[in-house]
Amino acid sequence: MTTTSPHLGSPSAVWTDARLLYALEEVVETELNRHLKVTKDWMPHEYVPWSDARNFPGFFEDGEAWEKGQSKVTEIGRIALVVNLLTEDNLPSYHHEIASLFGRDGAWGTWVHRWTAEEGRHGIVMRDYLLASRAVDPDQLEQFRMVHMSEGFESDNRHSMLHSVAYVAFQELATRVSHRNTGHQSGDPVCDRMLARIATDENLHMVFYRNLLKAAFELAPDLTMQAVRDVIVNFRMPGHGMPGFERAAAQMAIGEIYNMRIHHDDVIQPVLRYLKVLDIDGLGPEGLKAQEELGLYMSGLDSEASKFDEKLAARKARMAARAAG
């Protein structure tokens, strides 16, 4: 995808991925330095209740088989933790995607490797917590991991650097919200504390990409607007290919961990508002068209979210009546 760019000194110059990567390198370096100043290193093992751990059956004669009642984690917490961990597990594929797109050199490369290292902690601490606390069936968890990772991952936005930056700006925030809400609904303060720590990282990652997206709007507003429109209209979480994802996503929606209302209010709107995306002026015909379509889509999403809210409220009322009766 290309467009005429007055910033490159020639009226015939066009924005290619390579030109955009080069033009944004200085912004990446600034954001990387800011990120390294504000982020705090932390130790995954410090968040795991090791004293709760015991052997599983297999090689150990004293191994104790897993049962649901061994953990205080709620059923919805259990479902969301598996989805969130399996999403984190595909890190090798995510790294391959962004390293191929952003490169391994300069500030871009430094960021790619730093991001991967930070994300690696999330999978480590979540799996250690789940196994030590016996929150989920360890055999099923490993079977799901093998299936999910064996299928690999291909981003819907791998065709375009701008689409990829736009996607991760929203997806990192979506992941933060999902982790945070899972912690709140987990029923275990230890789990809540661990997921709050992960969510802090995800928020910093969102800020990095959001600020990069802001710079992209200043460089190539029409192209960036089109990318944001495409990403929001076609948004899918990276875990969509895992076993049983649709059912788990429906349960997480009802359990108020991640649903249409949360997606609209807590993920898409905050980024759009911060960047003033729907107020940007001076766009060309394609950018203006994309901006109008984005505005219409957001209105439709809000209406759909309101319908979901009504159904959820009715469901809660039915359940409360049943419990009272």
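Computed from heavy atoms alone, side chains included, the values below leave out hydrogens, waters and symmetry copies.
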- Item | Residues Q171 and T175: side-chain donor-acceptor under 3.5 angstrom | yes

- Task: Consider only side-chain N and O atoms of N84 and S178, and report whether a donor and an acceptor are under 3.5 Å apart.
- Result: yes

Between [X] (side chain) and [Y] (backbone), is there a donor-acceptor pair under 3.5 Å?
X    : Y    : value
R19  : V14  : yes
W15  : L20  : no
T39  : H35  : no
N203 : A199 : no
Q185 : G255 : yes

Would [X] end up clustered with [Y] when hydrophobic side chains under 4.5 Å apart are linked, directly or stepwise?
X    : Y    : result
L204 : M126 : no
L173 : V207 : yes
V28  : L36  : yes
Y22  : F217 : no
Y209 : I280 : yes

In Å and rounded to the nearest 0.5 Å, what is the [atom1] to [atom2] distance from [X] to [Y]?
X    : Y    : atom1 : atom2 : value
F170 : M237 : CZ    : CE    : 13.5 Å
M194 : H179 : CE    : NE2   : 8.5 Å
R121 : E88  : CZ    : CD    : 13.0 Å
H159 : L101 : NE2   : CG    : 10.0 Å
I262 : I268 : CD1   : CD1   : 13.0 Å
L283 : Q291 : CG    : CD    : 5.0 Å

- Assert yes or no for the condition that the ring centre distance of W115 to F208 is strictly below 6.0 Å. no

- Task: Before giving the answer on side chain to side chain contact (heavy atoms under 4.5 Å, CB included), spell out for N33 and E29 the whole-Å C-alpha distance, their side-chain angles and the decisive distance to 0.1 Å.
- Result: CA-CA 6 Å; N33 290 335; E29 186 172 356; 3.9 Å; yes

side-chain hydrogen bond (donor to acceptor under 3.5 Å, both in side chains) partners of [range], not counting sequence neighbours, each pair once:
range            : result
residues 295-305 : R261-D302, E304-K307
residues 48-60   : R54-E64, N55-D62
residues 315-325 : E256-K316
residues 275-288 : none

- side chain to side chain contact (heavy atoms under 4.5 Å, CB included) between M252 and N259: does it pass, once the steps are laid out? CA-CA 7 Å; M252 288 167 70; N259 57 38; over 6 Å; no

Tell me the closest heavy-atom pair linking [X] and [Y], and the distance in Å.
X    : Y    : answer
A80  : T182 : CB-OG1, 3.4 Å
P49  : V190 : CD-CG1, 4.0 Å
V228 : A166 : CG2-CB, 4.1 Å
L213 : A169 : CD2-CB, 4.1 Å
G183 : L195 : N-CD1, 3.4 Å
G284 : D222 : N-OD1, 2.7 Å

- Set of side-chain contact (heavy atoms from CB on, under 4.5 Å) partners for Y274, sequence neighbours left out: R210, N211

- Specify whether W111 and H205 have parallel, tilted or perpendicular ring planes, treating 30° as the upper limit for parallel and 60° as the lower limit for perpendicular. perpendicular

Can you name the residues that form a ring-ring contact (aromatic ring centres under 6.0 Å, His included) with [X], not counting sequence neighbours?
X    : value
F102 : W108
F235 : Y167, H263
Y129 : none
H96  : none

Would a 4.5 Å heavy-atom cut-off, applied to side chains only, mark [X] and [Y] as touching?
X    : Y    : answer
L294 : L272 : yes
W42  : T200 : no
R145 : L86  : yes
I232 : M298 : yes
K214 : E218 : yes
E119 : H122 : yes
L130 : V73  : no
R247 : Q251 : yes

Please determine if [X] and [Y] form a salt bridge, counting it only when a charged side-chain N lies under 4.0 Å from a carboxylate O.
X    : Y    : result
R180 : E202 : no
R114 : D201 : no
E293 : K289 : yes

- Quick one: do L301 and M260 satisfy side chain to side chain contact (heavy atoms under 4.5 Å, CB included)? Show the steps, please. CA-CA 8 Å; L301 182 62; M260 213 176 291; 3.7 Å; yes

- Members other than M149 in its cluster, when Ile, Leu, Val, Met, Phe, Trp, Tyr link by side-chain heavy atoms under 4.5 Å? none

- Task: May I ask you to list the residues sharing a hydrophobic cluster with I254, side-chain cutoff 4.5 Å, ordered by chain and number?
- Result: F308, L312

- Keeping to residues at least two apart or across chains, list the salt bridge (charged side-chain N to carboxylate O under 4.0 Å, His left out) pairs with something in residues 127-139. D89-R127

- Message: Show, in sequence, the C-alpha distance, side-chain angles and deciding distance for M161 and L24, and conclude whether the side chain to side chain contact (heavy atoms under 4.5 Å, CB included) test is met.
- Response: CA-CA 11 Å; M161 172 267 189; L24 288 168; 3.4 Å; yes

- Task: Kindly check if the number of other-residue, nucleotide or ligand heavy atoms within 6.0 Å of CD (E118) is above 12?
- Result: yes

